[in-house]
Every structure is written in structure tokens, then in C-alpha cells.
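Count residues from 1 along the sequence.
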Amino acid sequence: MFKMSGRALFCLLLIISSCNKDKFDFGKLKEIELTPEIWIPFGEVSLSLKDIKQDTSIVSVDEDGFISIIIEKDSMIRTSLSKAMLIPEQDTNFLAVVKGQSVQTDVSVNVFNQAEYKKIYFDTLVISWMLPVGTPPGTRINISFVNSGHQNGNLDFELDNTTHQEGEFHTSVFYNGFIDLSKNNSTFNVVQLSGNLLQTAPWVPNGTPIPFTLHVSKLKVAGIEGYAGNTTIDLPIFNNQLNIRGLEKFSQGIIFKNPSLKLNIFNQSGLELAFNPKINGANPREGEVISLEVPIINVAKSPSPGQAFTTQITLDKNNSNLPDMLNNLPDYLTASGFLILNPSGNQNNFLFQNNLLIVNGTLEIPMEFSASNLFFENEISNFKFWNSENRTPEYVEFELNSQNLFPFHLKLSLVFEDSLTSNVIRAYEVDILKAAPIDGNGRVVNPSNHHARLTLSENDLNDVNRANKLKLQVRINTPNNGNDFVKIYDSYRFTSRISGRAKLKIQPLK
């Protein structure tokens with residue numbers, strides 16, 4: 001299946017999506033008790049895509065540093081075509097041999113879907129036979145399937161009423177053989193039987209017919225040669241987990257520009273196929289399923305047993321709605337559909353039990369996209385901004401200075417709520433990063449410098465301190481309000497220096 005191990009490409013977004021309340025302890029500010037106002041440098045955050053070890057099973061970087069996600073799915077669809085070899089229940093045949101003569105009889109084989117079989121290979125063949133009551137005593141009859149055989153030699157057997165009861169069915173069982181249905185390639189679906197009376201009562205004159213009943217009671221088909229008909233075979237549903245790591249926590253808002261899905265279809269059978277795939281992208285978080293519009297694919301047959309023929313097709317924005325499906329960030333790909341056998345009509349086929357149809361897929365997502373209010377949300381319960389045992393400061397202020405080479409604009413929203421009523425107590429927004437400018441091809445040309453400050457007054461702090469739930473939301477936009485497509489290169493980086501200060505109320509000594 002898709003090889004999904006490895007680090008996510010959107011490293012910047014990953015950092016945001018993995019943040020939690022353990023990263024910041026606002027209560028540490030309580031240690032400031034002797035200075036009316038002090039700056040605290042929280043440190044510097046820096047990230048470069050080059051600093052992150054790339055897992056080549058998912059991340060591809062070209063010579064120019066342009067990044068793509070490549071997800072390989074082995075056996076998206078893997079199915080046996082054995083349904084094409086189903087043989088219906090056979091008729092009971094009433095036949096006869098003639099004393100003193102060799103008799104050859106044609107017996108028709110029932111098949112499905114206008115098939116025209118020349119040869120049937122079997123794992124197990126069970127012949128039920130019966131001599132009627134009143135057959136002359138001491139009768140022995142030899143029946144041979146002409147030009148057929150099994151693991152022990154020619155496909156023949158004997159009927160007798162010396163050791164077998166008349167008027168009852170008895171069985172002869174054969175393994176690992178074949179039945180010729182072609183009469184030396186002059187016809188199809190016909191078994192030629194040769195019957196000889198080996199022994200009977202001496203008073204039976206020559207030319208007397210000796211009747212018997214013959215029935216194929218079990219035929220476990222292992223393979224066929226000849227025309228298999230033009231029936232339709234439904235494929236089972238296969239679920240393939242995608243989990244494009246680093247994006248799975250994000251909701252709608254991203255539009256990929258040039259994704260592609262390459263299908264390699266391996267056909268081990270001698271059947272020409274028309275393949276109508278049904279591929280869906282499922283997003284349980286959003287409760288949506290988007291169907292991929294795929295044209296019917298003509299799959300060539302294998303040239304000879306033991307070989308596989310590969311048919312390749314690429315789906316992209318020009319012949320499918322693949323970008324629309326991926327823009328919903330599906331968690332799963334489901335694949336099914338149906339096969340039409342021999343869409344071009346009558347032709348020579350071969351098919352064996354171990355012949356498979358295997359569909360492998362390679363999903364390539366070049367990191368060229370636009371993002372409009374792509375957002376990540378996280379919720380912190382039992383939130384406490386300030387230790388109530390300490391005096392509330394006159395204000396707390398945070399300051400951020402950043403240099404950004406990513407073409408993203410990031411805005412952070414903080415919503416403080418009462419967990420019982422869900423009433424919003426305070427809400428703040430601050431720009432974390434300003435998008436770096438890009439050229440006409442979507443590549444960053446210069447870094448963007450940004451200064452941001454968030455001040456919480458004493459009233460703010462008192463209100464916030466009543467909150468016990470914090471909702472964090474980060475919104476990401478590409479330039480031009482999310483309308484411009486950008487390209488991601490491994491040289492991109494950002495650096496942010498974060499600091500804060502608080503002014504405390506100092507109580508004079510008494």
C-alpha cells in the first residue's frame with residue numbers, strides 16, 4: 001500500500017499543529033516580584049526545511065530544490081479473475097455403447113456468457129455414472145475423454161455392474177488434468193467421448209446397445225483456453241489509508257495546482273479488459289466523499305502464460321477532477337469498479353486461477369498550491385493563564401520579531417471561554433508571520449520581516465483569568481489573500497524571536 005512512513009513536508013505547519021499548553025508556562029511570570037517592569041526573552045524559533053531529515057519514500061526534491069510529495073500505493077486493487085472461469089451445472093447425459101462396435105459421442109458443455117472454450121484445465125473432476133437396472137450381468141464399459149488427460153495418464157474410467165449396484169450413481173474422481181473441447185480445433189464447448197463395451201453376458205448379440213447415464217457432478221476449474229465471453233466482473237472495494245501527515249489536522253482551504261495519479265495495471269491473464277475504476281477520496285472529519293472522474297481504461301492482455309502486460313495511465317487536472325478530490329484532504333482512497341471481458345469481441349483467451357489483475361498507484365503532489373484560510377484548531381481545557389495566588393500585574397506584553405522566507409501569512413487567534421457556558425470572555429488576533437513576496441512562478445524572492453506585539457491589560461488579565469478553556473486557531477494564507485499559487489523549496493526558512501514583559505504592582509513594606 002502507500003508507503004507513508006516519514007516526516008511531513010509542511011514542517012512549519014507541523015510545528016503549529018503540534019503545539020500544546022506544555023510548551024508555555026505563563027505561571028513562570030509569578031517569579032517576577034522585585035522589578036516593576038522586566039523583559040523576558042523566551043528564545044528564538046528557527047526552522048529550515050533543510051534541517052529536517054527527508055524520508056525519500058514520501059518527499060522528493062529536484063535539483064532546483066523544489067519539493068513534491070510522492071505516495072506509492074502497491075496493490076490499490078488486487079483481484080483474481082477466476083469469476084470468468086465459472087462453469088454452470090452440467091446436464092445429465094443418457095448414452096449407450098454397442099456390443100462389437102467402438103462408439104464416439106459428442107457431449108455439449110454448458111458455459112456462461114457466450115464463451116467458446118477449447119480446453120478446460122481442472123483441479124478436480126468428478127464423474128457420476130449409473131448402469132440401469134436390468135443391464136446384462138458382467139457388463140464392463142470403458143469411457144475415454146478423447147485427447148484429454150490427468151495426472152495419471154489418459155482421462156478414462158470403467159463402468160461395471162459386477163462390483164457396483166445397478167440403478168445407483170457411482171463416482172470416478174480425477175485430479176490435475178485437462179479436457180479437450182475442440183475436436184482438433186474444429187469446434188468448441190464439445191467433449192468427444194469414446195465408448196467401448198469390454199465385457200457383457202455371452203448371450204447378448206452383437207449390435208445390441210447397452211445404455212448408461214453420465215453426469216459431471218463436480219468440476220473445479222483451474223484454467224481455460226478459448227474465448228471467455230464478454231461478461232462483466234464487479235471488483236471488491238479496497239480501502240487505502242492516505243494520512244498525508246502534517247496536513248491531516250487541517251481543514252478546507254488548500255488548492256493543489258498540478259497533482260497526478262499514475263496507475264500501473266498489471267494483467268497476468270490472456271483477457272483483454274475494459275477497466276472502469278471507481279476511486280473515491282473519503283474525509284470522515286468533514287463527512288464528505290468525492291469521486292474521482294476516471295475514463296474507462298483499455299487493458300491489454302498478456303501475450304503468453306507466465307507473463308504480465310503493463311498498461312499505464314496518468315490522471316491529472318487535464319483529464320480528471322483529481323485536484324478537487326485532494327483539496328478535500330482525504331484520509332482514505334477507496335478503489336473498486338468493474339471489468340468488461342473482451343470488449344473488442346471474440347478472440348483467443350487464456351486464464352488460470354493464479355492470474356491476477358494488479359493496480360498500483362503513484363500519487364504525486366508537487367508543492368505548488370494556494371491556501372485561503374487554511375486553518376488548524378486546537379483546544380486546551382482546564383486552562384489557567386495566571387496563578388491566582390499572585391497579584392495580577394498591571395499588564396503583560398508579548399513581542400515577536402520574525403524573518404520569513406515562506407510564502408505564508410500566519411494569523412493566530414486566541415479565544416478564552418467559560419467551559420460551562422461556552423461564552424467568549426476575551427478574544428485576540430495577532431499576525432505571526434507575513435508572507436514573503438514571490439515572483440511570477442510562485443517562488444520567494446526576498447524575506448519578509450515582521451514585528452508584532454500583544455498587550456494584555458490588568459482588566460484583560462482579570463477576565464482571561466476567569467476563563468478555563470482556550471481555543472487556538474492558526475490561519476494560513478498564501479499571498480494576494482490566498483489567491484496566488486506558491487512553490488515550496490527546501491531552502492525556505494523562518495526565524496522568530498519571542499519575548500515578553502510584565503509590570504507588577506509592588507506593595508510597599510509596612
Side-chain angles (χ1 to χ4, degrees), residues 80-97 102-113 115-135 139-183 187-200 209-229 231 305 349-355:
S80 168
L81 299 172
S82 58
K83 290 182 180 179
M85 298 187 299
L86 295 178
I87 302 293
E89 180 70 22
Q90 297 299 303
D91 297 331
T92 298
N93 294 277
F94 301 94
L95 306 172
V97 294
S102 178
V103 177
Q104 286 195 334
T105 303
D106 291 344
V107 175
S108 296
V109 175
N110 298 325
V111 295
F112 287 125
N113 307 308
E116 298 177 359
Y117 290 160
K118 298 289 188 179
K119 186 175 287 189
I120 293 178
Y121 298 85
F122 62 84
D123 287 332
T124 306
L125 171 64
V126 179
I127 304 294
S128 297
W129 55 266
M130 180 180 66
L131 290 172
V133 175
T135 299
T139 295
R140 290 174 52 226
I141 300 173
N142 176 267
I143 300 297
S144 176
F145 285 67
V146 177
N147 294 328
S148 303
H150 68 118
Q151 61 184 9
N152 294 324
N154 294 330
L155 187 55
D156 55 13
F157 58 98
E158 286 190 4
L159 297 68
D160 74 85
N161 61 355
T162 302
T163 59
H164 295 87
Q165 185 69 38
E166 295 175 356
E168 295 181 3
F169 274 102
H170 308 282
T171 58
S172 297
V173 183
F174 306 92
Y175 301 98
N176 302 322
F178 66 93
I179 303 172
D180 185 90
L181 307 177
S182 70
K183 293 185 63 175
T187 185
F188 49 83
N189 299 343
V190 172
V191 176
Q192 191 174 26
L193 300 179
S194 177
N196 290 282
L197 182 62
L198 302 178
Q199 178 181 309
T200 189
I210 307 295
F212 61 93
T213 301
L214 204 64
H215 176 63
V216 176
S217 55
K218 180 178 180 181
L219 176 59
K220 185 177 180 182
V221 180
I224 60 95
E225 290 181 8
Y227 175 56
T231 186
N349 299 145
F350 64 81
L351 177 63
F352 295 90
Q353 278 185 344
N354 59 352
N355 289 164

For Asn113, all residues meeting side-chain hydrogen bond (donor to acceptor under 3.5 Å, both in side chains), sequence neighbours excluded
Thr231
Kindly determine whether Ser148 and Asp180 satisfy side chain to side chain donor-acceptor pair (under 3.5 Å), including the steps that lead there.
CA-CA 5 Å; Ser148 303; Asp180 185 90; 5.9 Å; no
According to side-chain hydrogen bond (donor to acceptor under 3.5 Å, both in side chains), who are the partners of Thr139, at least two apart in sequence or on a separate chain?
Thr200
Might you point out which heavy atoms bring His150 and Leu155 nearest each other, and give the distance in Å?
CD2-CA, 4.0 Å
Atom pair CG (Asn142) and OG (Ser194), whose distance is rounded to the nearest 0.5 Å
7.5 Å
Treating Glu166 as the side-chain partner and Gly134 as the backbone partner, does any N or O pair qualify as donor plus acceptor under 3.5 Å?
yes
Donor-acceptor check, side chain of Asn189 to backbone of Tyr117, threshold 3.5 angstrom: yes or no?
yes
Between CD on residue Glu116 and OG on residue Ser182, distance to nearest 0.5 Å:
12.5 Å
Going from CG on Asn147 to CG on Asn154, what distance comes out if it is rounded to the nearest 0.5 angstrom?
9.5 Å
Can you name the residues that form a side-chain hydrogen bond (donor to acceptor under 3.5 Å, both in side chains) with Gln165, not counting sequence neighbours?
none
Taking the side chain as every heavy atom from C-beta outward, state whether Thr135 and Phe212 have any atom pair closer than 4.5 Å.
no
Closest approach of Phe112 to Pro88 (non-hydrogen atoms, all atoms of both residues)
CZ-CB, 3.3 Å
Pair Ile127, Thr171 - check side chain to side chain contact (heavy atoms under 4.5 Å, CB included), show working.
CA-CA 5 Å; Ile127 304 294; Thr171 58; over 6 Å; no
With side chain to side chain contact (heavy atoms under 4.5 Å, CB included) as the test, would you mind laying out the steps for Thr105 and Asn93 before giving the verdict?
CA-CA 11 Å; Thr105 303; Asn93 294 277; over 6 Å; no
Please tabulate, for side-chain N and O atoms in residues 217-226, each donor-acceptor pair with protein atoms closer than 3.5 Å (sequence neighbours left out).
unit_1	atom_1	unit_2	atom_2	d
Ser217	OG	Val126	O	3.2
Ser217	OG	Ser128	OG	2.9
Glu225	OE2	Tyr121	OH	2.7

Restricting to non-hydrogen atoms, name the atom on Val191 and the atom on Ile179 that form the minimum distance, rounded to 0.1 Å.
CG2-CG2, 3.7 Å
Between Phe145 and Phe157, how do the two ring planes meet: parallel, tilted or perpendicular, split at 30° and 60°?
tilted
Would you call Val109 and Gln90 a side-chain contact if the rule is heavy atoms closer than 4.5 Å?
yes
Going by heavy atoms in the side chains, are Met85 and Gln353 under 4.5 Å from each other?
yes
Using the rule given for side chain to side chain contact (heavy atoms under 4.5 Å, CB included), can you reason through Val216 versus Ile87, listing the C-alpha separation, both sets of side-chain angles and the distance that settles it, and then say yes or no?
CA-CA 11 Å; Val216 176; Ile87 302 293; over 6 Å; no
Got a second to check how far Leu159's CG is from His170's NE2, nearest 0.5 Å?
9.0 Å
OG-CG distance between Ser80 and Leu351, expressed to the nearest 0.5 angstrom
7.0 Å
So salt bridge (charged side-chain N to carboxylate O under 4.0 Å, His left out) across residues 147-163, not counting sequence neighbours, yields Arg140-Glu158
Side chain to side chain, Gln192 and Asp106, heavy atoms closer than 4.5 Å
yes
For Glu168, give me all partners under side-chain hydrogen bond (donor to acceptor under 3.5 Å, both in side chains), at least two apart in sequence or on another chain.
none
Distance (rounded to the nearest 0.5 Å) between Tyr227 OH and Asn349 CG:
7.5 Å
Between Pro132 and Pro211 the two heavy atoms that sit nearest each other are CD-O, 3.3 Å
Taking the side chain as everything from C-beta on, heavy atoms only, tell me whether Leu214 gets closer than 4.5 Å to Leu193.
yes
Check: Gly177 main-chain N/O paired with Gln151 side-chain donor or acceptor under 3.5 Å
no
Heavy-atom pair of closest approach, residues Phe350 and Pro305:
CZ-N, 3.4 Å
